[in-house]
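Notes for the one structure printed next.
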Amino acid sequence: MSLLDQLINNTVRPDVRAIGTYHVPDASGYVKLDAMENPYLLPQQLRDELGARLAGAVLNRYPPSYASLKAAICGKLGVPAGYDVILGNGSDELISMLAMACAKQGEARRAVLLAPVPAFVMYARSAQLAGMDFVGVPLNDDFTLDLNAMLAAIEQHRPALVFLAYPNNPTGNLFAAADIERIIAALGSTGIAVVDEAYEPFAQHSFMGRLPEFPNLVVMRTVSKLGLAGIRLGYMSAAPALLEQFEKVRPPYNVNILTQAAAEFALDHLDVLNAQAALLNHARDALSAKLAALPGVTVFPSKANFLLIRVAHADDVCAKLLAHRVLVKNMSKMHAVLANCLRVSVSTPEENTLFYDAFQASLV
Ligand SMILES: *Cc1c(COP(=O)(O)O)cnc(C)c1O
């Protein structure tokens, strides 16, 4: 064994050595429909104004305080009065922060992070890296929550954190609000429910305004799916006393000053981004109807900016789409309920047509 191999064996955790790195495929030359990005840029005039705004950013100093961005988020994105937010370098970082804060060590058992599965992959990954046990509770075949199984698992495992993506990724559906309320109530003073609203700009359903009803609720969002995936900004809110605890695990300067300036600028033009989201919602419904008319194709209802599609042979279809230079996500291997499913982002009318034509050609 080489010295480097020995060094790695002697130092890096076995569970870290065992996992693969998060793979981001090179998408140049492809129609990129695998990551739920908004295909639209800001209009040229706004981009010019943004350039001027960024030119004024004070790059030689640490970010001074996040007060003005937080105030803009609280004021414009429905955070209840008296509630603050914590910012993250993407909501991925917020998920890690929650896991880090709740991964109690040295107790009789490890702390548990629970989520319905299939779920967003970072929940299990963050739990593992923080030293929590991950418990996945299978969804029903129609992707609704199996409420009895969720309540039984909560009773059995007493999770410190329960993550619920609303709408869910990769299934695209909104869970029943009444089911979520039951889960929050069952957790009571023993666990925190985290409602992850990454797709709220499309779904237009939220628990944010209901935070005052539930002391054990965290609501998390990101600007990524709204059209700002490149700036990496997530935010979460909860009862002030709870939020104060999570603030302690946040790296002090985690959100950089360019992100801060760009986000404040974007929030001044929120109407532009919301109009793009509305356009994508229409495009989604149109594409969904077209795809559903194809023989042997099932399109699942979606409240997000992507569609989950079942075909007869997903591996084959994905390989053929790749040959057509179209990148989608093959979900087949992720979970039994996703057998032969692929996930595709909704895009511009041009790209949706490109996808539809390539997809149709890939079915034969
Ligand atoms: C995309 C996504 C995220 C990650 O968002 P970032 O802010 O880009 O890190 C979180 N949760 C869900 C459910 C997502 O689909």
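In this text the structure is predicted, and so the values were computed from the model without any measurement. Just so you know, ligand 1 is whichever comes first in the structure, and atom 1 is the first atom listed for that ligand.
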- Item | side chain to side chain donor-acceptor pair (under 3.5 Å) contacts in which one or both residues fall within residues 109-130, not counting sequence neighbours | Asp15-Gln128, Arg110-Asp133, Tyr123-Asp196
- Query: Among Val85, Leu217, Leu77, Leu242, whose side-chain contact (heavy atoms from CB on, under 4.5 Å) with Ser237 holds?
  - Reply: Val85
- Message: Applying the ring-ring contact (aromatic ring centres under 6.0 Å, His included) criterion to Tyr166, which one of Tyr199, Phe175, Phe120, Phe207 satisfies it?
- Response: Phe207
- Query: So which residues, sorted by chain and number, lie with a heavy atom under 4.0 Å of ligand 1?
  - Reply: Gly90, Ser91, Asp92, Phe120, Tyr123, Ala165, Asn169, Asp196, Ala198, Tyr199, Thr222, Ser224, Lys225, Arg232
Enumerate, atom names and distances included, each donor-acceptor pair closer than 3.5 Å involving a side-chain atom of residues 354-364, sequence neighbours excluded.
residue	atom	partner	partner atom	Å
Ser362	OG	Ala358	O	2.6

- Please say whether more than 12 non-hydrogen atoms of neighbouring residues, nucleotides or ligands are located less than 6.0 Å from CD in Gln44. yes
- Query: Who passes side-chain hydrogen bond (donor to acceptor under 3.5 Å, both in side chains) against Gln245, sequence neighbours left out?
  - Reply: Lys248
